There are 2 protein chains.
Amino acid sequence: MTMSKLETTSDVEFLKTYNIHDYDVPLTTVDMAIFSIVEQRLHVLVVTREESPQLGRWALPGGFIDLKKDVSLDAAAHRKLFEKTAIASPYLEQVQTVGDATRDPRGWSVTALYFALIDHATPLAMNAQWLPVDEASNLDWAFDHQMLLRLAVERLRSKTLYTALPIGLMPELFTLTELQQVFEVILGHGLEKKSFRRRVLDAGVVLPTEFSKKSGKRSAQLYRAAALSLDFVFPRALDVLL
Amino acid sequence: MTMSKLETTSDVEFLKTYNIHDYDVPLTTVDMAIFSIVEQRLHVLVVTREESPQLGRWALPGGFIDLKKDVSLDAAAHRKLFEKTAIASPYLEQVQTVGDATRDPRGWSVTALYFALIDHATPLAMNAQWLPVDEASNLDWAFDHQMLLRLAVERLRSKTLYTALPIGLMPELFTLTELQQVFEVILGHGLEKKSFRRRVLDAGVVLPTEFSKKSGKRSAQLYRAAALSLDFVFPRALDVLL
DNA sequence: CTAATAGTGTCTGTGAGACATTATAGC
DNA sequence: GCTATAATGTCTCACAGACACTATTAG
């Protein structure tokens, strides 16, 4: 028997008699809030549950960790995302983990909630679709997914005030006006143009390209995301308390 | 048979045949990074493991969720804290949830990491003790607890730059100089006195009391935490990138 | 008095908001 | 030319840093 670095000598003896099925353990799942901007509105990817429990209700994509396939929690989140969108490397961030005795009728359950940002020009799996987040409260959600969505939206909104995160929702090339509109859609209110441009340009989170966009009137400079862009934290937040 | 709001009609049928032990599920635990300031240094509460696996190694307090006693993940964290300190209502915040196939020799495991802030003048359970966090890297830690501690310290440091969180480490009454020293200990460098006082006083996160502290030279005004203090977010971060 | 610590006055710098202005394209 | 959109100039304001200064206490 090989002994990993993690195991002390006594562990080897201990593990011979250990059986996880002897204990009461909670269910553990990963749920995803996958955001995109569609037609100037913030949307989230939703599915309708095709099996019990909560058959037929709306839900965030997610489900059990596959102890064989998933090497980590993050890997499980990536797998869930890939199953719905075939996107392998998006922005992915853990939001919060929620667990209690009543959120799932099968028993005590825990879910690790992640959010992802993707460009909406991405093919979706058959059973997935985009839903405007401001219509979420009218729906019949499975489990506590309405609250999970609210947590994810709050995180996205609050980080939009002091990071460049929304760049993760943009296509490869974009104009500053388009980027500003995405910020405005997420925050739910307008931003001052000059301040916005100063902020993102001075920080170097977007870089000019050799391309410009000709769309009607004066053509606009096209930018792309700088390498550090999504991790960048501005020294000051935008005004406006949420 | 009563049907909870959470269960659809089909769920009632489904649950008759559902048995969690039919599935492979990860172990799920809660771990605590409990911080305090002792002798002008940031300390964390540690225990030595008294059972396998990882018998004898240093560990953050924590362990399995008790599906009978704990109504939620947060409740489990509060229970773990209370078992070591008998403190019922400290500042408690979820940091991150870590899970993978190899961090625990018993198998695929997930832990929800929390941090708590307490005044160090708190009696501890027998097997718990304060450890300076800057000595943590020399120790023989159980599982991935050294990394968990690093995550919690990073969160504490980064929130110290833009919130009033360290107030949670203070006793009932404290002077502004004492509070500033705590900020400095956490950040690892000095802060400018006038700026610091303006910041906390203008924000109203501390309130003057009718008391003052006579300690050697000129006596100092004693303050207490304002109700909102720990949730307060300053519009600008302190300088200095971590 | 002196020394030590508490606490203030005030100048500078940075970066956000406001808003007027100029630039460039299609028609 | 006119109009729409892109992009800039520049003033003000809030708040952090720097640092000199004053205030209060024990001895």
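Keep in mind it's a predicted model, so treat the numbers as computed, not measured. Below, chain A is the first sequence line, B the second, and so on; all start at residue 1.
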Step by step, work out the side-chain contact (heavy atoms from CB on, under 4.5 Å) result for A:L45 and A:M32. CA-CA 9 Å; A:L45 197 68; A:M32 307 291 303; over 6 Å; no

Rounded to whole Å, NZ of A:K213 lies from C1' of C:dT24 at a distance of 17 Å

Let's test your reading of the model: under 3.5 Å, does the base of C:dG7 pair with the side chain of B:K193 as donor and acceptor? yes

Applying a 4.0 Å non-hydrogen cut-off, can you work out what A:T175 is touching in the nucleic acid: base, sugar-phosphate, or nothing? nothing

Which nucleotide sits closest to the side chain of A:R197: C:dA16, D:dT8, C:dT14? D:dT8

Between C:dG7, D:dA7, C:dG17, which nucleotide has the shortest distance from any of its atoms to the side chain of A:A220? D:dA7

Contact class for A:S219 (heavy atom, under 4.0 Å): base, sugar-phosphate, or nothing? sugar-phosphate

On DNA chain D, nearest-nucleotide positions of B:E192 versus B:P235: which is more 5'? B:P235

Sugar-phosphate only, base, or nothing, as touched by A:K214 at under 4.0 Å among non-hydrogen atoms: nothing

Would you say the side chain of A:E93 lies within less than 4.5 Å of the side chain of A:R155, judging by non-hydrogen atoms? yes

Interatomic distance, A:Y162 OH vs C:dA16 P [rounded to whole Å]: 16 Å

Write down the distance between CG (A:D202) and C1' (C:dA16), rounded to a whole number of angstrom. 11 Å

Ignoring hydrogens and angles, answer whether the base of D:dG17 and the side-chain atoms of B:K194 contain a donor-acceptor pair closer than 3.5 Å. no

Starting at atom CZ of A:F183, determine the distance to atom C1' of C:dG17, rounded to an integer number of angstrom. 16 Å

Does A:S195 put a side-chain nitrogen or oxygen below 4.0 Å from OP1 or OP2 of C:dA16? no

To the nearest Å, how far apart are A:Q180 CD and D:dA7 C1'? 12 Å

Under 4.0 Å, heavy atoms only, any strand: does A:R198 hit a base, just the sugar-phosphate, or nothing? base

Can you tell which of C:dA6, D:dT5, D:dA6 lies closest to the side chain of A:K217? D:dT5

Return the value, rounded to whole Å, for the distance between atom CG of A:L176 and atom P of D:dT8. 9 Å

Do A:R218 and C:dA25 have a side chain to base donor-acceptor pair shorter than 3.5 Å? no

Decide if the gap between the ring center of A:Y223 and the ring center of A:F174 is smaller than 6.0 angstrom. no

Is B:R236 side chain donor-acceptor paired with the D:dA14 base, going by distance under 3.5 Å alone? yes

Starting from the C-alpha separation in whole Å, work towards a yes-or-no answer on side-chain contact (heavy atoms from CB on, under 4.5 Å) for B:Q94 and B:L73. CA-CA 10 Å; B:Q94 194 183 290; B:L73 212 52; 4.2 Å; yes

Between B:H189 (NE2) and D:dA18 (C1'), how many Å, whole number? 14 Å

Heavy-atom check, side chain of B:R199 versus side chain of B:L238, under 4.5 Å: yes

Do A:T177 and A:R197 touch side chain to side chain, with heavy atoms closer than 4.5 Å? yes

Please give, in whole Å, the distance from C:dC19 C1' to A:F196 CZ? 18 Å

